[in-house]
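Reviewing the structure listed below.
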Number of protein chains: 2
Amino acid sequence: MRSKQTTIWDIAVKLNISISTVSRALRNAGDINPETKKAVLKLADELDYQPNSIAASLRNSKTNIIGIIVPEFIHSYFPRVILGVQEEAYKSGYKLMISQSGESLEIEKENIHAMISSRVDGLIMALSRETDEYDHIRSVQKRGIPVVFFNRFADELQGSKVLVDDYKGAFEAVDYLIKTGCRRIAHLAGPEKLTMSGNRINGYIDALKLHGIPVLEELIIPCDFMEGKARQATQHLLNMPDRPDAIFVVNDPTAIEALICLKENNVKIPEEISLVCFSNAPHSTFVDPPLTAVVQPLFEIGKTAARLLIEQITEGKAFVPSIKKLETEMVIRKSTRLVSPAGQFPSSLR
Amino acid sequence: MRSKQTTIWDIAVKLNISISTVSRALRNAGDINPETKKAVLKLADELDYQPNSIAASLRNSKTNIIGIIVPEFIHSYFPRVILGVQEEAYKSGYKLMISQSGESLEIEKENIHAMISSRVDGLIMALSRETDEYDHIRSVQKRGIPVVFFNRFADELQGSKVLVDDYKGAFEAVDYLIKTGCRRIAHLAGPEKLTMSGNRINGYIDALKLHGIPVLEELIIPCDFMEGKARQATQHLLNMPDRPDAIFVVNDPTAIEALICLKENNVKIPEEISLVCFSNAPHSTFVDPPLTAVVQPLFEIGKTAARLLIEQITEGKAFVPSIKKLETEMVIRKSTRLVSPAGQFPSSLR
DNA sequence: AACGTTACCGGAAACGTTGCCGGAAAATTG
DNA sequence: CAATTTTCCGGCAACGTTTCCGGTAACGTT
C-alpha cells in the first residue's frame with residue numbers, strides 16, 4: 001500500500017483556493033496574483049510536491065518522452081550515442097525511455113509496441129541486424145510518431161536519418177592501407193541487409209579499383225555482428241594459401257575478435273597483416289597494438305538525432321525529414337604500417 | 001498535428017457495445033461473452049489498437065515502469081547489469097526508464113525528480129561518486145517507492161542492496177599477489193564516500209597484515225573514478241624512489257589508465273610490476289597483457305536487483321529489505337606473475 | 001406463474017492534470 | 001458616480017482507462 005503522494009488538490013484545499021489556480025501557479029501561466037503564486041510555490045515545496053506527469057501526459061496527449069531502441073548497449077558504441085541524445089533531450093525537457101532489441105526482430109517489435117503504448121513523442125532507433133521487414137516501424141509512423149534513424153537503417157524507410165559517410169570512410173581506410181603497401185586486402189563486412197554494410201563495401205571496392213587492385217569475392221566476408229563469427233572468418237582468411245596482408249573491419253567488436261584471432265595465430269601486426277576498423281570504441285586505443293581506425297563522432301550523432309527528432313515533434317506535419325551525413329576521421333595508430341613514399345602509387349597505375 | 005490513435009471507445013462504437021465491455025474483452029476479465037470477446041479482439045487487431053498505458057497508469061496508480069539511475073554507461077559495467085535487470089523486468093511486464101547521473105549529484109537529484117514525476121513503481125540505482133547526502137533518495141522512499149541499490153550505495157541508506165563481496169574479493173586479489181612474490185603492493189582506491197571503496201581497502205589491508213607486510217599509507221591512493229586521476233596516481237607511484245612491485249586497482253577503467261601509464265613508462269608487466277583489478281569489463285581480456293582480475297557476476301547482479309525490487313513492489317509494506325551478497329571469482333591472466341611455491345609464505349610469517 | 005439464478009452488459013466515477021470560459025471584484029476611465 | 005476595463009479566480013470538461021455496481025434478459029426451478 002503506497003502512501004499517497006501530494007497532488008495539486010491537496011495544495012488547493014490547504015490554501016482554500018481552487019485546483020485551477022494551483023495549476024496556474026505551478027506552471028506560471030498568466031492570470032495569477034503574485035501573492036497566491038508565491039504561497040502555492042511555498043506550500044508545494046514544503047509538501048515536497050512532484051507533479052504527476054502521467055496525468056499531465058494524458059491530459060495533454062504529450063508525454064515528453066523520447067523512445068530509443070538500439071540493438072545492444074554493452075559495446076560502447078550505442079551508449080555513447082545515447083549520451084548525446086540525452087544531453088540534447090534533457091535540454092528541451094524530454095526524458096528517455098531506452099530499450100534494447102538484442103539484435104532480435106521479435107524483441108524489436110515488442111519494444112516498438114511498448115513504445116507506442118507508452119505514447120512516446122518520438123522514437124530514435126537503430127535497427128537490429130535481423131530486421132528485414134518494416135511494418136512495425138511504419139505502424140509507428142502511421143500514428144504520427146516521428147522516427148529518426150541512425151547507424152542502422154533501411155533505404156526504403158521514410159524518416160530523418162543521421163549517418164556517417166560510410167562510403168568515404170571505408171574508401172579512405174582502404175586507400176590508406178594501399179598507400180602503406182598492402183595489396184591483398186580482406187574485408188570483414190556487416191550484415192547484408194543494412195545499408196551501412198553496403199556503403200562500406202562499396203568504399204572498399206572503389207578504393208581497390210582506383211588503385212587497379214582486383215576485387216576478390218573471397219576476401220569479402222560478411223560477419224553479421226554475431227559473436228564468434230569474426231573469429232571464424234579471420235581464421236578462414238589465415239588458412240588461405242595466399243594470406244591477405246591487410247584486413248579492413250566493419251566495426252569495433254568485430255575488429256577485436258579479429259585481433260584476438262590474429263594474435264592467437266602469432267601473426268605480427270602490422271608487419272604481416274595490417275588491421276583497420278570502422279569504429280569509435282575507445283578500445284581501439286588500448287588494445288595491443290592500438291588500432292588504426294575510422295572514427296565516428298558518436299556524441300554528435302546522438303545530439304543531431306535528438307535535435308532532428310525534437311524539431312519534427314514540435315513542427316509536426318510541416319517538418320520534412322532530412323538526412324544528415326556526418327564526417328568521419330581517420331586516426332592512424334599502430335596496427336598499420338607507415339606510408340611508403342615509393343609504394344604510394346603502384347607504378348602499374350601511373 | 002498527430003493523427004489520433006484508436007481507443008477502446010472507437011472499438012465500442014464500431015461494435016455497438018459499451019467501452020466497459022471492450023475493456024473487459026481486452027484484458028480478459030470475467031463476465032464476457034466469448035463471441036463478443038472474439039469480435040473485440042478481431043477489430044482491435046484490424047485497427048492496430050495499442051492500449052494507452054498512460055491512461056491505464058493513471059487509473060491504476062501503477063505504471064509498470066522501473067527506473068534505473070546509474071552514474072554512466074559508457075563503460076560496460078552498468079550496461080551489463082542493466083541487461084540483467086531488463087531480462088528480469090520484461091518477464092514480469094515491467095518497462096525500464098534509464099538515466100545517467102554522469103557522476104554528478106546535481107543531475108542525480110534531477111533524475112530522481114523525473115523518476116518521481118513519472119511515477120515509476122520502483123527504482124534501482126547506483127550512487128554517483130559525488131553523492132554524500134541522501135535526502136533526495138529518502139524522499140523517494142518516503143513516497144512508498146521501493147529502492148534497490150547495487151554496487152554504489154551508502155550504509156546509512158535503508159533498502160535492499162545487491163553487492164559483491166568486496167572485502168573478500170580484494171583480500172583474495174592481494175593475497176594472490178603476495179603469493180606470487182610481490183611485497184610492495186600499491187592500491188588505487190575508489191571514492192572515499194562509497195562503502196565499496198572502504199571494503200576493498202579493508203580487504204587489501206587485511207591481506208597485507210595476514211602476511212606480515214606493513215601497510216603504507218602512501219601506497220593507498222584514492223582515484224575518485226575521474227578520468228586522468230589514475231594515470232596521475234600511477235605516475236606518482238612510478239616516481240617513488242622505491243617503486244611498488246604490484247598494483248591492486250579498484251575497478252576497470254582505472255586499471256586501463258594505470259596500464260597505459262605503465263606502458264608509457266616502459267614498465268614490464270608483470271615482471272617489474274604486477275597488475276590486478278576488481279572488475280568485469282571484457283576489456284581485461286584483450287588488453288595487453290590480459291589482466292588478472294576479480295570478476296563480478298554483472299548480469300546476475302541486475303537480475304537479483306530486479307527480482308528484489310519487483311518482490312517489494314508487489315508485497316508492499318510487508319516486504320523487508322534484504323542484502324544479497326554475490327560471490328566474485330578470481331581470474332588469473334597474464335598481468336601477474338606465477339605463484340612461486342617457495343615464496344608463497346614468507347618465512348618471516350611462519 | 002412466480003421466483004431465483006446465471007450470464008452479460010452499460011453507466012458512471014475515478015485517477016491528476018490543464019485550459020477554456022464565464023464571472024466577481026477591483027481598478028481605471030470619462 | 002457610472003461605465004468600462006483589468007485582474008484574478010473557480011467551475012467544468014476532457015484525456016483513456018478500469019472497475020464497481022446495478023440492471024436486464026433468458027433460463028431453470030418449484
Side-chain angles (χ1 to χ4, degrees), chain A residues 1-41 44 47-65 93 116-121 143-144, chain B residues 1-41 44 47-65 93 116-121 143-144:
Chain A
M1 196 73 68
R2 147 170 326 180
S3 51
K4 247 171 108 55
Q5 305 219 27
T6 65
T7 70
I8 52 170
W9 191 84
D10 297 316
I11 299 180
V13 170
K14 283 232 169 81
L15 290 179
N16 232 336
I17 57 180
S18 79
I19 56 167
S20 350
T21 306
V22 177
S23 175
R24 270 190 302 260
L26 289 172
R27 73 211 56 278
N28 53 1
D31 270 19
I32 181 85
N33 187 329
E35 295 293 315
T36 29
K37 181 172 165 183
K38 200 155 44 164
V40 169
L41 291 180
L47 297 180
D48 201 5
Y49 167 80
Q50 290 291 340
N52 184 329
S53 53
I54 298 287
S57 296
L58 183 59
R59 160 68 220 226
N60 299 333
S61 307
K62 179 137 193 329
T63 53
N64 280 302
I65 295 180
I116 295 176
S117 267
S118 299
R119 296 295 190 264
V120 294
D121 290 337
R143 291 178 150 82
Chain B
M1 194 73 68
R2 149 170 325 183
S3 54
K4 244 172 108 57
Q5 306 220 26
T6 65
T7 69
I8 52 170
W9 191 84
D10 298 314
I11 299 180
V13 170
K14 284 231 167 82
L15 291 178
N16 232 338
I17 55 180
S18 78
I19 56 167
S20 348
T21 306
V22 176
S23 175
R24 271 190 300 259
L26 289 172
R27 73 211 57 278
N28 53 1
D31 271 19
I32 181 87
N33 187 331
E35 294 294 314
T36 30
K37 181 172 165 181
K38 199 157 37 162
V40 169
L41 291 180
L47 296 180
D48 201 8
Y49 168 79
Q50 290 290 342
N52 184 330
S53 54
I54 298 288
S57 295
L58 183 59
R59 160 68 219 223
N60 299 332
S61 306
K62 179 140 193 328
T63 52
N64 280 302
I65 296 179
I116 296 176
S117 267
S118 299
R119 297 297 192 261
V120 295
D121 290 337
R143 292 177 149 83

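Lettering follows sequence order; numbering is per chain, from 1.
Note: CD1 (B/Ile8) to C1' (D/dG16) measures 6 Å, nearest angstrom. We find that CG of B/Asn52 is positioned 8 Å from C1' of D/dC15, with the value rounded to whole Å. Following rounding to the nearest Å, A/Leu15 (CG) and D/dG10 (P) show an atom-to-atom distance of 10 Å. Summarising the geometry, the separation between CD on B/Glu35 and P on D/dA26 is reported as 17 Å, rounded to the nearest angstrom. Per the geometry, CZ belonging to A/Arg143 stands 13 Å off P belonging to D/dG16, to the nearest Å. With rounding to whole Å, A/Asp10 atom CG is found 13 Å from C/dT17 atom C1'. Spacing between atom CD1 of A/Ile19 and atom C1' of C/dG16 amounts to 8 Å, rounded to whole angstrom units. Rounded to a whole Å, the NZ atom of A/Lys62 is 18 Å from the P atom of C/dT17.
Side-chain atoms of B/Arg24 come within donor-acceptor range of the base of C/dG10, with a qualifying N/O pair under 3.5 Å. Donor-acceptor pairing under 3.5 Å, judged by distance alone, is absent between the side chain of A/Ser18 and the base of D/dG11. At a cut-off of 3.5 angstrom, counting only N and O atoms as typed in the model, there is a donor on one side and an acceptor on the other between the side-chain of A/Ser20 and the base of D/dG11.
Using a 4.5 Å heavy-atom threshold, the side chains of B/Thr63 and A/Ile54 count as touching. Looking only at side-chain heavy atoms (C-beta outward), A/Ile116 and A/Arg143 come within less than 4.5 Å of each other. Side-chain contact between B/Val40 and B/Lys37 is absent, with no heavy atoms from C-beta onward closer than 4.5 Å. By the 4.5 Å heavy-atom criterion applied to side chains, B/Ile8 and B/Tyr49 are counted as neighbours. Using a 4.5 Å heavy-atom cutoff, the side chains of A/Leu26 and A/Leu41 are in contact. Contact of the A/Asp48 side chain with the A/Thr6 side chain is not registered, since no non-hydrogen atoms from C-beta on lie closer than 4.5 Å.
Using a 4.0 Å heavy-atom distance criterion, A/Ser57 is classed as making no nucleic acid contact. Using a 4.0 Å heavy-atom distance criterion, B/Ile54 is classed as making no nucleic acid contact. Looking at heavy-atom distances under 4.0 Å, A/Asp31 makes contact with a base. Looking at heavy-atom distances under 4.0 Å, A/Thr36 makes contact with sugar-phosphate atoms alone, never a base.
When distances run from any side-chain atom of B/Ala55 to the nucleotides C/dG16, D/dT17, C/dG10, the shortest one goes to D/dT17. Relative to the side chain of B/Asn33, the nucleotides C/dG10, C/dG16, C/dC9 differ in distance, and C/dC9 lies closest. Listed nucleotides: C/dC9, C/dC8, D/dT17. Nearest to the side chain of B/Arg27: D/dT17. You'll find that the side chain of A/Leu58 is closest to D/dG16, out of C/dG10, D/dG16, D/dT17.
DNA chain C is contacted by both A/Thr7 and B/Lys37; B/Lys37 maps to the nucleotide lying nearer its 5′ end (nearest heavy atom per residue).
Phosphate proximity of C/dG16 to A/Tyr49: absent, as no side-chain N or O sits under 4.0 Å from OP1 or OP2. In this structure, B/Thr21 reaches the C/dG10 phosphate: one of its side-chain N or O atoms is under 4.0 Å from OP1 or OP2.
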